[in-house]
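Notes for the one structure printed next.
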There are 2 protein chains.
Amino acid sequence: MSASNTRRQIVDVADRLFYEHGFEASSFADIARDVGLSRGNFYYHFKTKDEILAAVIAQRISNTRAMLETWEQDTESPSDRILSFVHILIANRTKIMAYGCPVGTLCNELAKLDHVAKDEAAGLLTLFRNWLAGQFAALGRDADADALALHLLMRSQGVATLATAFRDEQFIRREVADIEAWLRTECSAALAADSRHPA
Amino acid sequence: MSASNTRRQIVDVADRLFYEHGFEASSFADIARDVGLSRGNFYYHFKTKDEILAAVIAQRISNTRAMLETWEQDTESPSDRILSFVHILIANRTKIMAYGCPVGTLCNELAKLDHVAKDEAAGLLTLFRNWLAGQFAALGRDADADALALHLLMRSQGVATLATAFRDEQFIRREVADIEAWLRTECSAALAADSRHPA
DNA sequence: GTCTATATGTAGATAGAC
DNA sequence: GTCTATCTACATATAGAC
């Protein structure tokens with residue numbers, strides 16, 4: 001197999017294992033086994049575990065950018081774009097109830113490890129933060145767009161954490177509905193205008 | 001030193017290390033070093049790492065119960081009791097910005113490890129959940145007391161996670177103010193009545 | 001109740017054959 | 001580019017002296 005293909009497979013498997021079991025708890029042996037590689041050959045592609053982590057974060061950043069661009073293209077209005085973000089909680093509910101939010105839990109783990117990559121991981125949250133702030137600004141909330149973005153991120157993180165602890169799907173659905181209600185009150189004028197031009 | 005004293009010290013140190021660096025990342029050697037004990041002697045007090053974790057969770061449950069009772073005794077009104085809970089975010093902001101919420105991050109880590117104690121850890125959240133629900137019920141919100149309790153827990157978890165990722169104290173203060181505003185609108189009648197009988 | 005010495009497994013990481 | 005064999009460090013855990 002070509003080096004780049006093997007490398008991509010390693011990153012994909014590591015990404016999944018880091019999410020499902022955590023960074024520390026995922027060993028080289030675990031990753032190698034799932035890829036179908038010997039431990040030794042591993043080091044041809046990555047010299048240290050931190051290198052794999054950096055590659056995983058870089059890939060997540062790349063994937064997130066692509067997802068945000070897709071939402072930007074597939075959705076007409078800023079309010080619907082924001083809803084695209086909110087609805088990840090529903091779409092990914094099964095994995096979230098088992099493992100939490102991939103971004104939030106990684107940030108938490110790396111913060112505790114005081115890992116060099118902890119700011120890189122937080123950069124993933126910043127991607128969502130800035131994109132959401134852009135949508136709120138487009139809805140006419142320029143003044144507090146960033147605060148609104150952080151508030152929405154805060155809610156999604158809180159919902160994910162409690163969903164994992166209590167494994168309660170109805171809780172997720174109720175909180176998503178509550179976020180939607182919050183969006184309507186916060187951006188009522190813009191959303192009313194928006195409903196006249198559905199996507 | 002007496003066995004019970006040493007045991008208590010071990011649990012205290014383990015509690016702190018599990019919070020600051022995580023359960024997996026904290027080794028017996030780390031705990032023994034901070035207690036001032038040899039690794040060997042350790043096993044006189046605890047046979048496995050899971051036993052220490054169980055003791056840590058049990059102590060946290062005990063401490064949490066005591067804290068909730070203190071709030072119950074020191075605070076007159078349900079709304080002020082709820083505010084006691086909310087204000088932990090401010091009081092513990094420095095540790096939260098460094099390590100997150102002790103309860104939420106432990107639940108997340110144990111969920112990923114699929115650890116036998118993950119439900120015990122979630123029980124810590126249940127303590128807060130039931131206590132908060134009791135306060136909301138006392139405010140006349142019997143019908144949705146549990147949903148309000150979960151919503152408040154969700155917010156505190158979300159604030160803690162983002163505070164860790166962005167290490168932004170102003171964000172914490174802004175969201176705490178927002179929670180206070182939410183409390184006022186959610187329980188306006190009860191809170192208005194309450195303000196006539198300040199604690 | 002605490003110590004030193006040690007057993008055993010597995011982690012991350014390397015060397016060198018093919 | 002992949003393998004096997006191996007290294008060192010450190011993890012949990014035990015045995016037995018004091």
Side-chain angles (χ1 to χ4, degrees), chain A residues 1-58 106 109-110 112-118 120-121, chain B residues 1-58 106 109-110 112-118 120-121:
Chain A
M1 191 190 296
S2 73
S4 69
N5 264 345
T6 306
R7 192 189 150 93
R8 195 174 305 124
Q9 267 196 282
I10 290 173
V11 174
D12 283 342
V13 167
D15 191 353
R16 181 177 58 79
L17 291 177
F18 291 175
Y19 174 40
E20 293 181 354
H21 307 301
F23 171 67
E24 277 252 321
S26 303
S27 70
F28 274 39
D30 294 333
I31 303 171
R33 178 183 20 82
D34 279 22
V35 176
L37 265 181
S38 74
R39 256 163 303 166
N41 187 18
F42 215 94
Y43 289 83
Y44 174 79
H45 302 279
F46 292 98
K47 298 223 189 328
T48 68
K49 199 179 177 185
D50 287 356
E51 260 185 47
I52 304 177
L53 176 62
V56 166
I57 294 175
L106 182 65
E109 183 178 3
L110 296 185
K112 278 187 202 289
L113 297 175
D114 200 20
H115 195 282
V116 286
K118 70 177 176 180
E120 263 67 33
Chain B
M1 191 188 297
S2 74
S4 69
N5 264 345
T6 306
R7 193 190 150 93
R8 197 173 304 124
Q9 267 195 282
I10 290 173
V11 175
D12 283 343
V13 167
D15 191 353
R16 181 177 59 78
L17 291 178
F18 289 175
Y19 174 39
E20 293 181 353
H21 307 301
F23 170 67
E24 276 253 320
S26 302
S27 70
F28 275 37
D30 294 332
I31 302 170
R33 178 184 20 83
D34 279 21
V35 176
L37 221 57
S38 73
R39 258 163 302 168
N41 187 18
F42 215 95
Y43 289 83
Y44 174 80
H45 302 280
F46 291 98
K47 299 225 190 324
T48 67
K49 200 179 178 187
D50 287 356
E51 261 185 46
I52 305 177
L53 176 62
V56 165
I57 294 175
L106 182 64
E109 183 178 1
L110 297 185
K112 277 184 202 291
L113 296 175
D114 200 20
H115 195 282
V116 285
K118 70 177 177 180
E120 264 68 32

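Order of the sequence lines fixes the chain letters, A, B, ..., with proteins taken first and strands second; residue numbering starts at 1 for each chain. Every value quoted in this text rests on a predicted model; they were computed, and no experiment measured them.
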Rounded at 0.5 Å granularity, tell me how far CD1 in A:Ile10 sits from CG in A:Leu17.
12.0 Å
Rounded off to whole Å, could you give me the CD1-to-P distance for the A:Ile31 and D:dT2 pair?
16 Å
In plain terms, say whether B:Lys118 and B:Asp114 are close enough for a salt bridge, that is, a side-chain N and a carboxylate O under 4.0 Å apart.
yes
Return the value, rounded to whole Å, for the distance between atom CG of A:Asp50 and atom C1' of C:dA13.
13 Å
Measure from the ring center of B:Phe46 to the ring center of B:Phe28 and say whether it is less than 6.0 Å.
no
Heavy-atom donor-acceptor pair, B:Glu120 side chain to B:Ala54 backbone, under 3.5 Å
no
Is the ring pair B:Phe23/B:Phe18 parallel, tilted or perpendicular, if the boundaries are 30 and 60 degrees?
perpendicular
Can you tell me how far CG of A:Leu110 sits from CD of A:Glu24, rounded to the nearest 0.5 angstrom?
9.5 Å
Among C:dA11, C:dA13, D:dA13, which is the nearest nucleotide to the side chain of B:Lys49?
D:dA13
Where is the tightest heavy-atom contact between A:Glu109 and A:Gly22, given as atom of each residue plus distance?
OE1-CA, 3.5 Å
What's the closest nucleotide to the side chain of B:Tyr43 if the choices are C:dT14, D:dT12, C:dT2?
D:dT12
OP1 or OP2 of C:dT2 under 4.0 Å from side-chain N/O of B:Thr6:
yes
In this structure, how many angstroms lie between the P atom of C:dA13 and the CG atom of A:Leu53, rounded?
12 Å
Send over the distance from B:His115 NE2 to D:dT12 P, rounded to a whole Å.
12 Å
Rounded to whole Å, CD of B:Glu51 lies from C1' of D:dT12 at a distance of 13 Å
For a quick test of reading the model: is some side-chain N or O of B:Ser2 closer than 4.0 Å to OP1 or OP2 of C:dG1?
no
Rounded to the nearest angstrom, tell me the gap between atom NZ in B:Lys47 and atom C1' in C:dG1.
13 Å
Using the 3.5 Å cut-off, write out each protein N or O paired with an N or O of nucleotides 3-5 of chain D and the distance between them.
{"residue": "D:dC3", "atom": "OP2", "partner": "A:Ser38", "partner atom": "N", "Å": "2.8"}
{"residue": "D:dC3", "atom": "OP2", "partner": "A:Ser38", "partner atom": "OG", "Å": "3.1"}

Side-chain contact check for A:Thr48: nearest option of D:dT2, C:dA13, C:dG12 is C:dA13
How long is the line joining NE2 of B:His45 and P of D:dT12, in whole Å?
17 Å
B:Leu113 atom CG is separated from D:dA11 atom P, nearest whole Å, by 17 Å
What contact category does B:Ser4 fall into here, base, sugar-phosphate, or nothing, at under 4.0 angstrom with non-hydrogen atoms?
nothing
Across the strands shown, which category fits A:Phe28 at heavy-atom distances under 4.0 angstrom: base, sugar-phosphate, nothing?
sugar-phosphate
Closer than 4.0 Å, any side-chain N/O of B:Tyr44 to the OP1 or OP2 of C:dG1?
yes
